[in-house]
Amino acid sequence: MLGDAAMKKIIDYLRKNFPFILFLIQTILLTILLIAPGADMQSQMFNVYLIIAVMMVLLILPIGYAAAAIIENIILGGIYYLNQFLISVRNRPLNFMDIFCINDALNVRSNYSLIMTKTILVRLIISVLITAANCFLVIKFYKKKETKAFVKPVSAIVTAVLMGGLFTFYNTVGVKIGMVEEHVLTWDEGAYAAVHGIAYSFFCEYRNSKVMAPEGYSADAVKTIAEKYADNDGNEDIPTNIIVIMNESLADYSLFGETGFNGDPLEKIHALKGENFREGRLAVEVYGGYTCNSEFEFLTGCSLAFLNQNDIPYLKYKLNNVPSMGNDLEKYGYSSVPVHPYIGQEWRRNSIYPNWFTEEFISGEKFSDKQNSFDYDDIFKQGQYVNFGDDLEYLRRYISDAEDLRKVRKVTDELNSDNKKAFIFNITMQNHGGYDYKSAENMEIIDYTPDKEFNVYLTLTKYSAEAYLDYIDELRKSPEHTAVLMFGDHQPGILSDEPAKFYNSESDIKIMANKFIVPYMLWANYDIDWDVPEFLSINYLSAVLKENCGLKLEPMDVLRLKAMEEYPVLTNRFSVDKDGNYVDTNIVKNSGIIKEYEYMQYNRMFDK
């Protein structure tokens, strides 16, 4: 038993150093939140060292322990809760490229809500209580000197060693000896973060974010490749109008077998078979978001398989001089127009599109016939959609597909009336996540499944199908030959057992790949024999469309079509060869024609 004097000393010590003790307790709790239980030793070391480095930085600052604890909780706790929020709304964790997406995330924030689990709630309560205690300590002890003189210089040295040594070691020696993975797990970033911890997975994405010239690349090699694939003349029978509809979050779960749904939202589209209509499966790089990546691959013909996982070219690279489909079709007399019923600033489209299309970008601000003005600092109202005009039709908080396609038809007719051929690239917005049941009060929800959130999404796709069918009904009456391509940009990021049953697997690559497969469909109001593969990846799609429309192909188009014959699916996550075998993309990239493809892309993106 401790004597009274010893007990008094312990109590006095605890009372005197309580702010520092509370700071250490909080650091331990935050470490538990951010590291992954059962992770390998090098991952755990990285996560712990990084958290200690943050702690040391805070000790250097001219503030007390309590204030340091508050700042630490805001930074590290904020990272944890932001990660949990992203998992709940898009079924993906925080990753490196999210740094560049803050503005775009804020633009659609009102349609999402956090799924509050018991675990998150308990951790949040503890964080709030500790922060409240530290706030009290700041008020009570802010005038008292808490940090001993030697602590700050020692903290500065330790921090410099930890931060500099950690990143240098992991970037060099760590990679060579296998402590750091050269390639981040591409199938499931959530699983990777759960196994290795948020900090380590974030770091691995950072170190993989740099693009290097492919081995053996040279400008002369690219010139030789371009000459090799320059033999194509096209024909004179080309359509007056080419319409591309990239439909937000459009998925077709019947592509994966029996769905078990109470009905098929796309049933009437499937019934079009035989009427100058083809449909198939399209592999994309993204899931639950990052529309602009599907957009980038389609318009440029570049593949994200040659870039880094989770790259967002629209935000990361200078794309002004990268050729696009809009540039290509201008050579054949087409006026090219991008149409998107939402904010033009999203994904930097308003600065990229002027270099890729001949005509003005028609964003949501230009949809209404009324002259509306918008203050971008105050464009959002809590709980409401962005009102682009009272004369427009909305579903939930977004302009409906029906309204969107009416604008596409109007723009096309205006160009045709001036004797101009039209290429319209349309990105819909109606089906954008999240799919909160309360946000769908202005639409009748169909009970396709027991899951309410999933039913909101499936009902939206039914509305998309109806809008598409009404649109092509109008085109049937048009004398102008018009080809229409519609495809999904990605599947919806719904954290639910209903959609997950189509792709949940720990070992079957074909099932896991279903998460990145969406439908594509081609239709024309004139006789055409669509010669298209049933399954391909989005980087080939624009070349396939141009060939079927009889357009003269660029060397990059011919190269892509040849590459597609060998590997019809080429993505960062998986590839499929001509025999239907699922193969590792890192192995595929050593193939002769795929290496030529990579050289051409690097030249177009980085060596112009």
Note, [X] side chain near [Y] side chain (heavy atom, < 4.5 Å):
X    : Y    : value
D311 : F296 : no
D489 : L250 : no
E295 : I427 : yes
W347 : I312 : yes
I593 : Y229 : yes
D328 : Y334 : no
P265 : T459 : no
L299 : F357 : yes

What distance separates [X] [atom1] from [Y] [atom2], expressed to the nearest 0.5 Å?
X    : Y    : atom1 : atom2 : result
E466 : L266 : CD    : CG    : 10.5 Å
T428 : M246 : OG1   : CE    : 8.0 Å
L541 : E297 : CG    : CD    : 10.5 Å
N426 : I424 : CG    : CD1   : 8.5 Å
D413 : D418 : CG    : CG    : 11.0 Å
E215 : E598 : CD    : CD    : 10.0 Å

What are the two closest non-hydrogen atoms of [X] and [Y], and how far apart are they?
X    : Y    : result
R476 : L272 : NH2-CD2, 3.8 Å
V569 : F574 : CG1-CE1, 3.6 Å
I517 : R281 : CG2-CB, 3.8 Å
L559 : I225 : CD2-CG2, 4.2 Å
S351 : N320 : O-OD1, 4.4 Å
R349 : P354 : O-CD, 4.1 Å

Q | Pairs meeting criterion side chain to side chain donor-acceptor pair (under 3.5 Å) with involvement of residues 553-570, two or more places apart | A |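 Sorted result for residues 553-570: K331-E554, Y332-E554, S542-R560, K546-D557, D557-R560.
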(Q) If we ignore hydrogens and angles and just use 3.5 Å, is the side chain of Q430 paired with the main-chain N or O of L460 as donor and acceptor? (A)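 Checking the backbone N and O of L460 against the side chain of Q430, a donor-acceptor pair under 3.5 Å is found.
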**Q.** Backbone N/O of N514 and side chain of Q491: donor-acceptor pair under 3.5 Å
**A.**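 Looks like yes, one N/O pair under 3.5 Å.
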What do you reckon, are the aromatic ring centroids of [X] and [Y] less than 6.0 Å apart?
X    : Y    : answer
F361 : Y353 : yes
Y602 : F306 : no
F487 : F298 : yes
F423 : W356 : no

Considering only NZ, NE, NH1 and NH2 on the basic side and carboxylate oxygens on the acidic side, decide whether [X] and [Y] come within less than 4.0 Å.
X    : Y    : value
D529 : R278 : yes
E474 : R409 : yes
E403 : K407 : no

Please check if any side-chain donor atom of [X] sits under 3.5 Å from a side-chain acceptor atom of [Y], or the reverse.
X    : Y    : result
S363 : E365 : yes
S335 : T358 : no
E248 : Y398 : no
Q601 : S303 : no
D607 : Y217 : yes

Q: For S218, check side-chain contact (heavy atoms from CB on, under 4.5 Å) against everything at least two apart and list the hits.
A: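 Scan of S218 (side-chain contact (heavy atoms from CB on, under 4.5 Å), adjacent residues dropped) gives D220, A221.
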Q: For T240, check side-chain contact (heavy atoms from CB on, under 4.5 Å) against everything at least two apart and list the hits.
A: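 With sequence neighbours excluded, T240 shows a side-chain contact (heavy atoms from CB on, under 4.5 Å) to N416, K421, E480, given in chain and number order.
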Q: May I ask you to decide if the ring planes of Y342 and F388 are parallel, tilted or perpendicular, using 30° and 60° as cut-offs?
A: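 Aromatic pair Y342/F388 classed perpendicular.
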Q) So Y287 and Y503, would you call those rings parallel, tilted or perpendicular, with 30° and 60° as cut-offs? A)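 Geometry flag for Y503 against Y287: perpendicular rings.
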Q) Could you go step by step and tell me if S575 and L570 meet the side chain to side chain contact (heavy atoms under 4.5 Å, CB included) rule? A) CA-CA 5 Å; S575 295; L570 176 69; 3.6 Å; yes
Q. So Y463 and N431, side chain to side chain donor-acceptor pair (under 3.5 Å) or not? Walk me through it.
A. CA-CA 9 Å; Y463 281 117; N431 302 342; over 6 Å; no
Q: Kindly determine whether N276 and Y526 satisfy side chain to side chain contact (heavy atoms under 4.5 Å, CB included), including the steps that lead there.
A: CA-CA 7 Å; N276 298 319; Y526 62 97; 5.8 Å; no
Q: Kindly indicate, with the supporting measurements, whether the criterion side chain to side chain contact (heavy atoms under 4.5 Å, CB included) is fulfilled by E596 and K228.
A: CA-CA 11 Å; E596 290 178 329; K228 178 180 176 181; 3.0 Å; yes
Q.
I'd like to know whether L522 forms a side chain to side chain contact (heavy atoms under 4.5 Å, CB included) with L545, so could you lay out the CA-CA distance, the side-chain angles of the two residues, the decisive distance to 0.1 Å, and finally the verdict.
A. CA-CA 9 Å; L522 288 153; L545 177 62; 3.8 Å; yes
